[in-house]
Undergrad: 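If you scroll down you'll find the structure; I have some questions about it.
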Amino acid sequence: MAGYKVPISVLVVVHTPDLQVLLLERADRPGFWQSVTGSQDEGETLGATAVREVREETGLDAAQYLLTDWNRQNRFEIYLRWRSRYAPGITHNTEHVFGLTVPSPLPVTLAPREHLRYEWLPWRAAADKVFSWSNAEAIQDLPQRAR
């Protein structure tokens, strides 16, 4: 599948101990907010994908903080507008959810081609703001996960 994205991705909910959540606004879809997310590279572990995506999208080194695999998977249909990034015939993606606990709302360095702005929001407001159902569900689970 050279040149195509792998239909396996990570969703990383970056949050503080008091449940403030980092959200990023997509550059290719202004008004669409999300947690850190991205596709696995060929041969990469899911944990390595999570660390890489956090670094690429925020400038943060996830290895310095508590990164937790939530052992949660979501399978969903890839939006038509993004389907050309995948090999012909690929219509669904499997997303693996992680949490990253940071000590406080940290400043981040955005990848300008990927994101326009970032915000730290209380978890309920963050869950209401994201466009993806799987992202909203992950954030809604945060109070139980962060105990």
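Computed from heavy atoms alone, side chains included, the values below leave out hydrogens, waters and symmetry copies.
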Undergrad: Could you walk me through whether Arg81 and Asp28 pass the salt bridge (charged side-chain N to carboxylate O under 4.0 Å, His left out) test, one step at a time?
TA: CA-CA 10 Å; Arg81 71 177 291 123; Asp28 62 358; 5.4 Å; no

Undergrad: Is the backbone of Val10 close enough, under 3.5 Å, to the side chain of Thr37 for a donor and an acceptor to pair up by distance?
TA: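 Judged by distance alone, yes, a pair lies under 3.5 Å.
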
Undergrad: For Arg83, what residues pass the salt bridge (Lys or Arg N to Asp or Glu O under 4.0 Å) criterion, not counting sequence neighbours?
TA: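 Partners of Arg83 by the salt bridge (Lys or Arg N to Asp or Glu O under 4.0 Å) criterion, ordered by chain and then number, come out as Glu77.
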
Undergrad: Taking the six-membered ring for Trp, are Phe131 and Phe32 parallel (under 30°), tilted (30 to 60°) or perpendicular (over 60°)?
TA: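 Judged by the thresholds at 30° and 60°, the geometry between Phe131 and Phe32 is tilted.
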
Undergrad: Under the salt bridge (Lys or Arg N to Asp or Glu O under 4.0 Å) rule, collect the residues that match up with Arg72, sequence neighbours excluded.
TA: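 Arg72 satisfies salt bridge (Lys or Arg N to Asp or Glu O under 4.0 Å) with Glu137, Asp141 only.
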
Undergrad: Would you say Trp120's side chain and Leu106's backbone share a donor-acceptor pair under 3.5 angstrom?
TA: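 Side chain of Trp120 to backbone of Leu106, a donor-acceptor pair under 3.5 Å: yes, one is there.
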
Undergrad: Compute the ring centroids of Tyr4 and Tyr86, then answer whether they are less than 6.0 Å apart.
TA: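 They do not qualify: ring centres at least 6.0 Å apart.
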
Undergrad: Decide yes or no for His115 and Glu57: does some side-chain heavy atom of the first lie under 4.5 Å from some side-chain heavy atom of the second?
TA: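 Yes. Closest side-chain heavy atoms under 4.5 Å.
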
Undergrad: What verdict does the side-chain hydrogen bond (donor to acceptor under 3.5 Å, both in side chains) test give for Thr49 and Glu44, after you've listed the backbone C-alpha separation in whole Å, the side-chain angles of each residue and the deciding distance to 0.1 Å?
TA: CA-CA 6 Å; Thr49 302; Glu44 189 176 49; 2.7 Å; yes

Undergrad: When the side chains of residues 59-70 are checked against the rest of the protein, which donor-acceptor pairs come out under 3.5 Å, sequence neighbours left out?
TA:
from: Asp61; atom 1: OD1; to: Ala63; atom 2: N; distance (Å): 3.0
from: Asp69; atom 1: OD1; to: Asn71; atom 2: N; distance (Å): 2.7

Undergrad: Asn93 and Glu95: side-chain donor and acceptor closer than 3.5 Å?
TA: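 No.
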
Undergrad: So with a 6.0 Å cut-off around CZ of Arg124, is the heavy-atom count from everything else above 12?
TA: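 Counting other residues, nucleotides and ligands, CZ of Arg124 stays at 12 neighbours or fewer.
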
Undergrad: Please determine, by modelled atom types, if Ser9 and His96 share a side-chain donor-acceptor pair under 3.5 angstrom.
TA: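 No pair is found: no donor N or O on one side chain lies under 3.5 Å from an acceptor on the other.
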
